[in-house]
Colleague: 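Handing you this structure, nothing more for now.
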Amino acid sequence: MASLIVSPDLLEFWDNLSYGDSKSVNLEQVSFEQLFDHGKSCTILELDLRQRTGCTIIGFKSPDGEYIVNPNPKTELKPNSKIIVIGNSEQIKTLQDTYSIQHE
């Protein structure tokens, strides 16, 4: 947040993100188990989440608890791992509908 103070364009970008409508920005944590009903791993590239839902993966949590910001497309999703995605309300809803994820 401190970088926003010295970067007016970042502050303007943040201010222009709408809240409470279909264009609002949302973060969602999704576990491997919510995406797949099998134990087989796959890469972020193979998941192709952006094409399927419009959401962008901005973070990854490995089964041992390591967080990776902006993970490599070759990062392997495995049981007990999680991804952090960002998207507008419509994209998050598409994600939830596509993978039958219950909104908490």
Side-chain angles (χ1 to χ4, degrees):
M1 292 301 277
S3 67
L4 292 176
I5 295 170
V6 295
S7 302
D9 290 333
L10 288 176
L11 184 57
E12 181 180 0
F13 175 77
W14 188 255
D15 284 342
N16 282 307
L17 295 177
S18 302
Y19 292 94
D21 63 16
S22 64
K23 293 183 181 182
S24 66
V25 174
N26 296 283
L27 292 174
E28 186 87 7
Q29 174 181 287
V30 183
S31 70
F32 174 89
E33 290 75 16
Q34 289 174 297
L35 296 171
F36 306 106
D37 59 0
H38 57 72
K40 296 180 184 177
S41 62
C42 81
T43 65
I44 288 174
L45 182 63
E46 293 167 332
L47 181 60
D48 199 18
L49 199 66
R50 180 155 179 117
Q51 184 67 32
R52 292 180 185 179
T53 68
C55 293
T56 301
I57 297 172
I58 61 167
F60 173 79
K61 184 178 180 185
S62 70
D64 64 358
E66 177 188 7
Y67 282 97
I68 300 171
V69 175
N70 196 22
N72 186 304
K74 294 179 183 177
T75 300
E76 201 170 328
L77 304 173
K78 304 176 187 180
N80 300 315
S81 65
K82 296 177 181 172
I83 55 174
I84 310 301
V85 302
I86 189 169
N88 65 34
S89 297
E90 273 182 29
Q91 292 164 332
I92 296 295
K93 179 158 180 16
T94 300
L95 169 75
Q96 293 167 341
D97 292 346
T98 300
Y99 293 98
S100 300
I101 296 171
Q102 299 297 320
H103 183 63
E104 298 177 4

Colleague: Treating Gln34 as the side-chain partner and Ile101 as the backbone partner, does any N or O pair qualify as donor plus acceptor under 3.5 Å?
Modeller: no
Colleague: Check whether any side-chain heavy atom of Ile83 sits under 4.5 Å from a side-chain heavy atom of Leu35, and report yes or no.
Modeller: yes
Colleague: Apply the side-chain contact (heavy atoms from CB on, under 4.5 Å) test between Cys55 and each candidate in Val30, Asn88, Val85; give the one that qualifies.
Modeller: Val85
Colleague: Quick check for you: to the nearest 0.5 Å, what is the distance between Tyr67 atom OH and Lys82 atom NZ?
Modeller: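 That separation rounds to 7.0 Å.
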Colleague: Starting from the C-alpha separation in whole Å, work towards a yes-or-no answer on side-chain contact (heavy atoms from CB on, under 4.5 Å) for Glu28 and Gln96.
Modeller: CA-CA 10 Å; Glu28 186 87 7; Gln96 293 167 341; 3.4 Å; yes
Colleague: Quick one: NZ on Lys93 to CG on Asn26, what's the gap to the nearest 0.5 Å?
Modeller: 13.0 Å
Colleague: Measure across Pro63 and Pro79 and return the closest heavy-atom pair with its distance rounded to 0.1 Å.
Modeller: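 What the structure gives for the nearest pair is CG-O, 3.4 Å.
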Colleague: Has Thr75 got a side-chain atom pairing as donor or acceptor with Asn72's backbone, closer than 3.5 angstrom?
Modeller: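 Looks like yes, one N/O pair under 3.5 Å.
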Colleague: Within the structure provided, determine whether Pro71 and Ile57 are in side-chain contact (heavy-atom separation under 4.5 Å).
Modeller: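 In contact.
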Colleague: Measuring from atom CD1 of Ile58 to atom CD1 of Ile68, what distance do you get when rounded to the nearest 0.5 angstrom?
Modeller: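 Output value for this atom pair is 13.5 Å.
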Colleague: Is there a side-chain contact between Leu49 and Ile44, using heavy atoms and a 4.5 Å cut-off?
Modeller: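 No, their side chains stay 4.5 Å or more apart.
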Colleague: Are Leu47 and Leu45 connected in the hydrophobic side-chain network, where two residues link if heavy atoms are under 4.5 Å apart?
Modeller: no
Colleague: Return the NZ to CZ distance between Lys40 and Phe32, rounded to the nearest 0.5 Å.
Modeller: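 Between Lys40 NZ and Phe32 CZ, I get 10.5 Å after rounding to 0.5 Å.
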Colleague: Compare all side-chain heavy atoms of Leu77 with those of Phe60 and state whether any distance is below 4.5 angstrom.
Modeller: yes
Colleague: Could you state the interatomic distance from CD (Glu46) to CD (Glu76), rounded to the nearest 0.5 Å?
Modeller: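 If I round to the nearest 0.5 Å, the distance is 8.0 Å.
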Colleague: Taking Glu33 for the side chain and Asn80 for the main chain, is one N or O donor matched with an acceptor at less than 3.5 Å?
Modeller: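 Checked: pair present.
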Colleague: Under the side-chain contact (heavy atoms from CB on, under 4.5 Å) criterion, do Thr53 and Asp97 qualify, and how do the steps go?
Modeller: CA-CA 9 Å; Thr53 68; Asp97 292 346; over 6 Å; no
Colleague: State, to 0.1 Å, how close Tyr99 and Arg52 come at their nearest heavy-atom pair, and which atoms those are.
Modeller: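 Heavy atoms only, the tightest pair is OH-NH1, 3.3 Å.
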